[in-house]
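These numbers come from a predicted model, not from an experiment.
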Amino acid sequence: MKKNLLLLFIAFCNVHLAFSQNAPLIPNESLRFNIGRGRHGTGDVQGLVLGVEYEKYFRKKLSWSTEIGTTIHDGSDLLLVTEDNGEVHDLSYRYTTAGAQLVGKIGYHFLQKTNWDLGIRVGGFFRYQSSSVPDDLTMLFPIATGLPVPIFITEHITPQRTYSVGGLSQLFASYSIKQKIILGLTTGLQLDTNGDTIFPQLSFTIGRRF
């Protein structure tokens with residue numbers, strides 16, 4: 001009887017070892033590229049959001065990540081002037097806000113399967129930004145100026161270049177192909193000490209685990 005139990009135990013250990021060796025190990029590091037759209041609160045304009053992110057697990061459902069990102073937003077106040085001969089001139093006032101930021105995040109992966117990964121990330125960032133958006137913009141018409149076309153008068157109170165710190169939160173969902181190639185979506189909110197917000201934002205993610 002004891003001999004049979006011993007043989008059964010050895011067989012069980014061999015089977016368990018075989019399955020353990022054949023079970024795929026989920027890589028705990030990844031490098032991702034994020035690209036999407038976001039609305040910049042200062043000027044309320046749509047633009048492009050880009051980032052390269054490295055992530056590593058330090059617990060089963062916890063990870064840390066760092067990202068280098070950039071945002072580019074632009075808009076215009078449309079002004080079209082038509083001459084008597086029908087020729088149209090675009091005299092619109094155009095502006096751009098662009099920035100680069102270094103981000104650190106902590107992620108909680110509340111639904112984690114072999115292929116699926118859903119969770120939330122929160123973190124902080126340091127941001128450099130340059131903006132041509134005026135604090136005040138006034139358009140004067142020919143009846144007030146005597147000029148043949150309308151003109152814009154701009155006033156800037158805040159500096160063109162700013163440095164700020166801020167915080168962000170993100171919800172993410174991703175799917176891994178053969179536990180290597182990552183495809184996913186990320187949505188989130190960020191705000192900083194300069195009074196800028198980027199919300200809503202939606203990014204597509206592609207990356208690789210290793």
Side-chain angles (χ1 to χ4, degrees), residues 30-56 58 62-79 90-110 118-140 150-174 182 184-207:
S30 64
L31 186 65
R32 299 187 301 271
F33 177 69
N34 305 309
I35 180 171
R37 300 278 293 177
R39 187 177 68 184
H40 199 289
T42 303
D44 198 28
V45 291
Q46 293 288 338
L48 190 65
V49 179
L50 299 169
V52 177
E53 184 173 6
Y54 167 80
E55 183 176 45
K56 183 175 183 178
F58 63 91
L62 294 175
S63 66
W64 65 267
S65 60
T66 182
E67 179 182 17
I68 298 176
T70 184
T71 61
I72 304 172
H73 295 78
D74 59 73
S76 66
D77 288 305
L78 185 64
L79 177 59
D90 187 351
L91 305 182
S92 302
Y93 183 82
R94 299 174 180 176
Y95 47 86
T96 300
T97 297
Q101 58 193 44
L102 179 62
V103 189
K105 310 175 196 175
I106 296 293
Y108 175 65
H109 305 252
F110 52 77
L118 283 76
I120 184 171
R121 296 187 185 98
V122 295
F125 60 85
F126 175 76
R127 178 177 173 85
Y128 165 79
Q129 180 173 282
S130 177
S131 176
S132 63
V133 179
D135 295 287
D136 186 66
L137 178 66
T138 303
M139 183 169 64
L140 299 179
I151 62 172
F152 287 106
I153 297 179
T154 62
E155 181 180 5
H156 298 278
I157 301 174
T158 56
Q160 179 182 5
R161 302 181 184 91
T162 57
Y163 298 90
S164 63
V165 294
L168 58 79
S169 62
Q170 297 176 329
L171 292 173
F172 63 89
S174 64
I182 303 171
L185 293 173
T186 300
T187 183
L189 158 72
Q190 80 170 50
L191 48 87
D192 61 39
T193 54
N194 194 48
D196 295 312
T197 62
I198 300 181
F199 178 81
Q201 53 180 287
L202 180 64
S203 298
F204 174 74
T205 297
I206 182 169

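In this structure, the separation between OG on Ser130 and CD on Gln160 is 4.5 Å, given to the nearest 0.5 Å. In this structure, OG1 in Thr193 is found 13.0 Å from OH in Tyr163, a value given to the nearest 0.5 Å. Between the CG atom of Leu171 and the CZ atom of Phe110 there is a distance of 6.5 Å, given to the nearest 0.5 Å. Rounding to the nearest 0.5 Å gives a distance of 9.0 Å between OG of Ser203 and CG of Leu185. With rounding to the nearest 0.5 angstrom, the NE2 atom of His109 is 10.5 Å from the CG atom of Leu118. Within the model, atoms CD of Gln46 and CD1 of Ile72 stand 14.5 Å from one another, a figure rounded to the nearest 0.5 Å.
For Leu137, the CG atom sits in a packed shell: over 12 heavy atoms of surrounding residues, nucleotides or ligands are nearer than 6.0 Å.
Between Glu67 and Asn34, the shortest heavy-atom distance links the atoms OE2-ND2, 3.4 Å. When all heavy atoms of Ile120 and Phe172 are compared, the closest pair comes out as N-CE2, 3.3 Å. Nearest heavy-atom pair, Ser169 versus Val122, reported as atom, atom and distance to 0.1 Å: CB-CG1, 4.1 Å. Closest approach of His40 and Asp196 over heavy atoms only: CE1-OD1, 3.3 Å. In plain terms, the two heavy atoms of Glu55 and Ser63 that are nearest each other are OE2-OG, 2.7 Å. Closest of all the heavy-atom pairs between Gln190 and Gln201 is N-NE2, 4.0 Å.
Side chains of Phe33 and Phe204 form no contact here, defined as non-hydrogen atoms less than 4.5 Å apart. Residues Leu79 and Met139 meet the side-chain proximity criterion, which asks for heavy atoms closer than 4.5 Å. Annotation: side chain of Val52 is in contact with side chain of Leu31 (closest heavy-atom distance under 4.5 Å). For the pair Phe125 and Asp192, the minimum side-chain heavy-atom distance is below 4.5 Å. The closest side-chain heavy-atom distance from Ser174 to Thr205 is not below 4.5 Å. By the 4.5 Å heavy-atom criterion applied to side chains, Glu155 and Pro134 are not counted as neighbours. When side chains are defined from C-beta on, Ile35 counts as touching Leu48, because their heavy atoms get closer than 4.5 Å.
For the pair Thr70 (side chain) and Gly99 (backbone), a donor-acceptor distance under 3.5 Å is present. Side chain of Ser76 to main chain of Tyr93: no donor-acceptor pair is present (N/O by atom type, distance under 3.5 Å, no hydrogens or angles).
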Arg94 and Asp74: CA distance, side-chain angles, deciding distance, side chain to side chain contact (heavy atoms under 4.5 Å, CB included) verdict: CA-CA 8 Å; Arg94 299 174 180 176; Asp74 59 73; over 6 Å; no

Let me see the working for Thr71 and Arg127 under side-chain hydrogen bond (donor to acceptor under 3.5 Å, both in side chains), right down to the final yes or no. CA-CA 10 Å; Thr71 61; Arg127 178 177 173 85; 2.8 Å; yes

Working for side chain to side chain contact (heavy atoms under 4.5 Å, CB included), residues His73 and Val133: CA-CA 10 Å; His73 295 78; Val133 179; over 6 Å; no

Between Asp77 and Tyr95, does a side chain to side chain contact (heavy atoms under 4.5 Å, CB included) hold up when you go through it step by step? CA-CA 9 Å; Asp77 288 305; Tyr95 47 86; 4.0 Å; yes

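Just one of Lys56, Glu53, Arg32 meets the side chain to side chain donor-acceptor pair (under 3.5 Å) condition when paired with Ser65; it is Glu53.
Asp135 pairs by the side chain to side chain donor-acceptor pair (under 3.5 Å) definition with Thr158, not counting sequence neighbours.
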